[in-house]
Amino acid sequence: MTTTKHPAIQMENDHIVQAYKRPPFVLTHGKGMTLYDADGKAYQDWVAGIAVNALGYGDPGLIETIQTAAAGLIHTSNLYYTEPQAALAARLCELSFADRVFFCNSGAEAVEGAIKFTRRYHYDREDAVRTEIVCFTNAFHGRTFGALSLTPKEKYQKPFSPLMPGVIVVEHNNIDAADAAITEKTAAVIIEPVQGEGGIRPASNEFLQALRRFCDERGALLIFDQIQCGMGRTGTLWSSEPSGVTPDLQTLAKPLAGGLPIGAILATENVASHIHPGDHGTTFGGGPLITTVAKYVLNRIAEPAFLENVRETGAYLKERLQELNSPLIKEVRGRGLMVGMELTIDVTPIIEKGYEHGLLLVNAGADTIRFVPPLIAQKSDVDVLLERLDAILTKVS
Ligand SMILES: *Cc1c(COP(=O)(O)O)cnc(C)c1O
């Protein structure tokens with residue numbers, strides 16, 4: 001822990017909007033799974049910039065790709081054709097259910113776009129009374145107005161009302177409740193195949209299959225928000241793969257460009273054919289630099305050996321966490337390198353103790369520690385984590 005206060009901390013306290021409570025050290029560089037602070041202290045990183053830094057820190061191929069791309073075109077706007085945007089879209093379509101892609105700059109923006117695409121689709125079909133969107137308890141879809149409206153958490157929503165109307169919140173993984181809520185008025189159903197912020201809660205395969213069936217029967221669109229759980233995080237490129245279900249729309253962001261900001265909306269032709277020039281737009285989205293980098297990251301993650309490592313290291317992580325012998329542990333959930341450990345207590349003291357022990361950890365809800373490391377994590381990294389975590393849990397309990 002920093003002994004004398006770094007000047008950046010005072011500057012932050014004086015000049016940054018205080019929307020975040022930060023620990024008292026300043027990060028300066030990283031290598032692989034490890035971040036270092038200004039005092040040279042090392043932290044093993046189980047957060048990865050909130051499930052973003054899939055290739056870890058200092059990846060030579062990523063750095064070279066960014067440097068080469070930076071020497072070319074950085075930004076052109078969406079008024080013009082560029083090769084990298086088209087090539088990334090083609091690759092995403094090749095690797096997914098999608099026929100077409102719209103690029104933007106963040107997760108929330110991708111969710112907003114998916115909402116607009118849904119509205120546009122039904123409007124074009126002269127079915128504009130269909131404006132309800134079904135989401136689920138513990139869902140997280142972002143902080144902008146549309147996305148926030150689909151994030152049923154009082155602390156996030158209440159100070160910002162009124163929100164977008166027509167949102168129906170249904171109990172997660174409850175097929176009967178979804179059956180009752182999805183009607184002729186439903187424009188879309190949005191779900192994270194594995195919930196992230198809400199506590200690492202996987203939707204059952206049966207639940208995703210039922211949602212697909214209800215949407216098809218009743219003319220609603222199915223949106224998968226794979227911003228956190230997609231792109232290899234759960235050990236398959238898309239976290240919905242085990243269910244065999246494909247959506248009409250899918251949002252991506254977090255890891256897609258290896259730490260640079262990007263978002264994407266993947267769509268079937270059935271939906272995309274209703275989006276016409278002028279319907280939606282973005283100044284920065286899908287620029288040549290960012291899409292060059294994203295194509296590099298996507299290709300790395302889609303390699304079978306890369307995904308195999310996520311599955312193996314993830315299974316080992318889950319197994320080791322389940323073996324931890326602490327009365328504080330309630331449940332270990334998740335798949336691949338997206339694992340949550342629910343405790344019987346608020347996890348804040350564990351996260352704070354983590355800093356002392358050289359661990360970066362993040363919560364998912366008040367009582368769950370979320371493990372979303374760089375996807376390059378190895379079993380030996382898990383061993384280091386478990387040794388430190390065991391010591392912390394013993395001290396706290
Ligand atoms: C992080 C996240 C978002 C919001 O992404 P931002 O880039 O922070 O706007 C939306 N949905 C899910 C599932 C997320 O994990």
Side-chain angles (χ1 to χ4, degrees), residues 17 19-20 46-54 102-118 133-153 155-157 160 163-164 167 169 172 188-203 208 211 222-234 237-240 247 249-266 282 284-286 290 293-294 297 333-340 362-365 368-373 375:
V17 173
Y20 284 94
W46 290 86
V47 183
I50 318 189
V52 167
N53 301 322
F102 184 94
F103 292 110
C104 53
N105 309 287
S106 70
E109 234 184 283
V111 171
E112 295 296 323
I115 297 168
K116 282 185 70 182
F117 284 14
T118 297
I133 301 185
V134 170
C135 67
F136 298 96
T137 49
N138 293 308
F140 182 92
H141 297 293
R143 306 293 205 129
T144 53
F145 270 94
L148 178 62
S149 306
L150 303 169
T151 299
K153 182 165 168 168
K155 182 178 185 305
Y156 291 171
Q157 290 188 336
F160 305 102
L163 299 177
M164 178 178 74
V167 176
V169 183
H172 188 235
V189 174
I190 184 166
I191 186 164
E192 302 152 83
V194 181
Q195 290 184 334
E197 309 287 319
I200 313 293
R201 298 169 202 274
L208 294 179
L211 294 181
L222 181 60
I223 307 172
F224 282 172
D225 180 345
Q226 303 225 27
I227 289 168
Q228 186 158 166
C229 60
M231 289 287 292
R233 174 60 54 194
T234 62
L237 189 59
W238 314 120
S239 63
S240 48
L249 289 160
Q250 175 165 295
T251 54
L252 298 178
K254 289 191 165 85
L256 181 53
L260 296 178
I262 187 171
I265 307 162
L266 277 56
T282 163
F284 287 117
I290 212 92
V293 177
V297 174
R333 296 186 287 264
R335 230 173 33 239
L337 288 169
M338 185 171 187
V339 176
V362 67
N363 67 307
T368 301
I369 302 175
R370 161 171 45 162
F371 301 92
V372 286
L375 300 181

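Worth knowing before you read on, the calculation uses all heavy atoms, side chains too, and leaves out hydrogens, waters and symmetry mates. Order of appearance sets the numbers: ligands from 1, and atoms from 1 within every ligand. Everything quoted here is computed from the prediction, not taken from an experiment.
- Here the closest heavy-atom approach between residue V167 and residue S149 is recorded as CG1-O, 3.4 Å.
- At a heavy-atom cutoff of 4.0 Å, ligand 1 is contacted by both the backbone and the side chain of A108.
- Considering only heavy atoms from C-beta on, I115 comes within 4.5 Å of L150 through its side chain.
- Of all the heavy atoms of H141, the ones lying under 4.0 Å from any atom of ligand 1 belong exclusively to the backbone.
- Note that CD1 of I190 is 4.5 Å distant from CD1 of I223, once rounded to the nearest 0.5 Å.
- For the pairing with N105, the side-chain contact (heavy atoms from CB on, under 4.5 Å) check across I262, I290, T282 returns one residue only, T282.
- A donor atom on one side chain and an acceptor atom on the other are found under 3.5 Å apart for H141 and D225.
- A donor-acceptor pair under 3.5 Å links the side-chain atoms of Q226 to the main chain of S239, judged by distance alone.
- Under 4.0 angstrom from ligand 1, there are no non-hydrogen atoms of E109.
- Checking only distances, A253 never comes within under 3.5 Å of ligand 1, N or O to N or O.
- Put simply, atom 8 (O) of ligand 1 has no protein non-hydrogen atoms near it, under 4.0 Å away.
- Considering only non-hydrogen protein atoms, atom 5 (O) of ligand 1 sits nearest to G107 CA, 3.2 Å.
- For atom 2 (C) of ligand 1, the choice among Q226, Q228, K254 with the nearest heavy atom turns out to be K254.
- Atom numbering of ligand 1 starts at 1 in the shown order; those under 4.0 Å from a heavy atom of E192 are 13 (C).
- Residue, atom and distance of the protein heavy atom nearest to atom 11 (N) of ligand 1 are D225 OD2, 2.7 Å.
- With hydrogens and angles disregarded, no donor-acceptor distance shorter than 3.5 Å links the side chain of R201 to the backbone of G196.
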